[in-house]
Amino acid sequence: MLRSKLRLTRSNQVTEMLRTSVRACAIAIFVMIGVASCDRKSGEAVVIGKEHIDAALPTAGTPNAKSEPGPDAQIRAMADDEITVDGYVMKPRVRGTGRDPRALSHEQWIVKVRMLGNGRTIQVPADQSKWEKLRENDRVKVSYRRGKYNGTVWAAEIE
């Protein structure tokens with residue numbers, strides 16, 4: 001009787017049941033992968049450097065900008081007046097300014113540390129007050145998440 005009033009057929013019932021249960025299963029799978037794919041690590045580290053990067057300058061969007069090189073693109077050698085920092089090539093006078101290719105929409109205070117336990121070097125974002133207090137060779141406690149599959153460091157912080 002209820003089926004005839006709502007005009008639900010057997011296939012509509014199955015579709016409706018799948019629609020509600022698939023969403024819940026997908027969310028559960030993503031949560032399980034997220035929890036299972038990272039290890040929480042912490043330990044002592046030594047500060048080996050600090051860097052401040054200004055906020056990126058506002059730019060007008062280019063409508064025809066390409067992010068992929070064309071088929072005829074060639075690798076060029078670095079010029080004598082260029083440096084490489086974290087895999088980015090830039091002029092030395094651009095480093096740390098709003099024109100730095102690593103610049104984001106907000107300022108960054110980055111502390112580079114070397115873990116004492118395993119010798120791994122990690123770049124840890126810090127707030128300005130903590131960044132100003134730290135000096136080279138200071139010992140700090142660092143906690144971070146390390147990916148189980150590829151060892152990538154996520155969400156590092158100075159405690």
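In this chain, numbering begins with 1 at the start of the sequence shown. All heavy atoms count here, side chains included; hydrogens, waters and symmetry mates do not. Because the structure is predicted, anything quoted here is derived from the model rather than measured.
When the salt bridge (Lys or Arg N to Asp or Glu O under 4.0 Å) test is applied to Asp86, the partners found at least two apart in sequence or on another chain are Arg102. Shown here are the salt bridge (Lys or Arg N to Asp or Glu O under 4.0 Å) partners of Arg76, two or more places apart in sequence or in another chain: Glu82. With sequence neighbours excluded, no residue forms a side-chain contact (heavy atoms from CB on, under 4.5 Å) with Ala77. In this structure Arg95 satisfies the salt bridge (Lys or Arg N to Asp or Glu O under 4.0 Å) test together with Glu51, sequence neighbours excluded. Annotation: side-chain contact (heavy atoms from CB on, under 4.5 Å) contacts of Glu159 (sequence neighbours excluded): Lys141, Ser143. Among residues two or more places apart in sequence or in another chain, the salt bridge (Lys or Arg N to Asp or Glu O under 4.0 Å) test is passed with Asp127 by none. Every residue meeting the side-chain contact (heavy atoms from CB on, under 4.5 Å) condition with Arg135, not counting sequence neighbours, appears here in chain and number order: Lys50, Asp138.
Trp131 and Ile110 make their closest contact through NE1-O, 3.3 Å (heavy atoms, listed as atom of the first residue, atom of the second, distance). Here the closest heavy-atom approach between residue Asp81 and residue Pro92 is recorded as O-CD, 3.0 Å. For the residue pair Gly98 and Ala103, the shortest heavy atom distance occurs at O-CB, 3.9 Å. Minimum interatomic distance between Val111 and Val47 (heavy atoms only, all atoms of both residues): CG1-CG1, 3.9 Å. Shown here for Ala45 and Met115, the closest heavy-atom pair between the two residues is CB-SD, 3.7 Å.
Hydrophobic side-chain contacts under 4.5 Å tie Ile75 to no other Ile, Leu, Val, Met, Phe, Trp or Tyr residue. Residue Leu116 belongs to a hydrophobic cluster whose other members are Val46, with links defined by side-chain heavy atoms closer than 4.5 Å. Ile83 belongs to a hydrophobic cluster with Val85, Tyr88, Met90, counting contacts under 4.5 Å between side-chain heavy atoms of Ile, Leu, Val, Met, Phe, Trp and Tyr, direct or through other members.
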Pair Arg146-Arg120, side-chain contact (heavy atoms from CB on, under 4.5 Å): steps then yes or no | CA-CA 11 Å; Arg146 184 183 61 87; Arg120 182 177 205 145; 3.4 Å; yes
Test side-chain contact (heavy atoms from CB on, under 4.5 Å) on Val113 and Ile48 and set out the steps.
-> CA-CA 5 Å; Val113 298; Ile48 57 174; 5.7 Å; no
All N/O donor-acceptor pairs, side-chain side in residues 150-158, below 3.5 Å, sequence neighbours left out:
unit_1	atom_1	unit_2	atom_2	d
Asn150	OD1	Thr152	N	3.2
Asn150	OD1	Thr152	OG1	3.0
Asn150	ND2	Thr152	OG1	3.2

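Atoms CZ and CD1, on Arg99 and Ile53 in that order, are 15.5 Å from each other to the nearest 0.5 Å. A distance of 13.5 Å separates CH2 of Trp109 from NZ of Lys130, quoted to the nearest 0.5 Å.
Annotation: Arg93, atom CZ; neighbour count of heavy atoms from other residues, nucleotides and ligands within 6.0 Å does not exceed 12.
Within the structure, salt bridge (Lys or Arg N to Asp or Glu O under 4.0 Å) pairs that include any residue of residues 103-115 do not occur (at least two apart or interchain).
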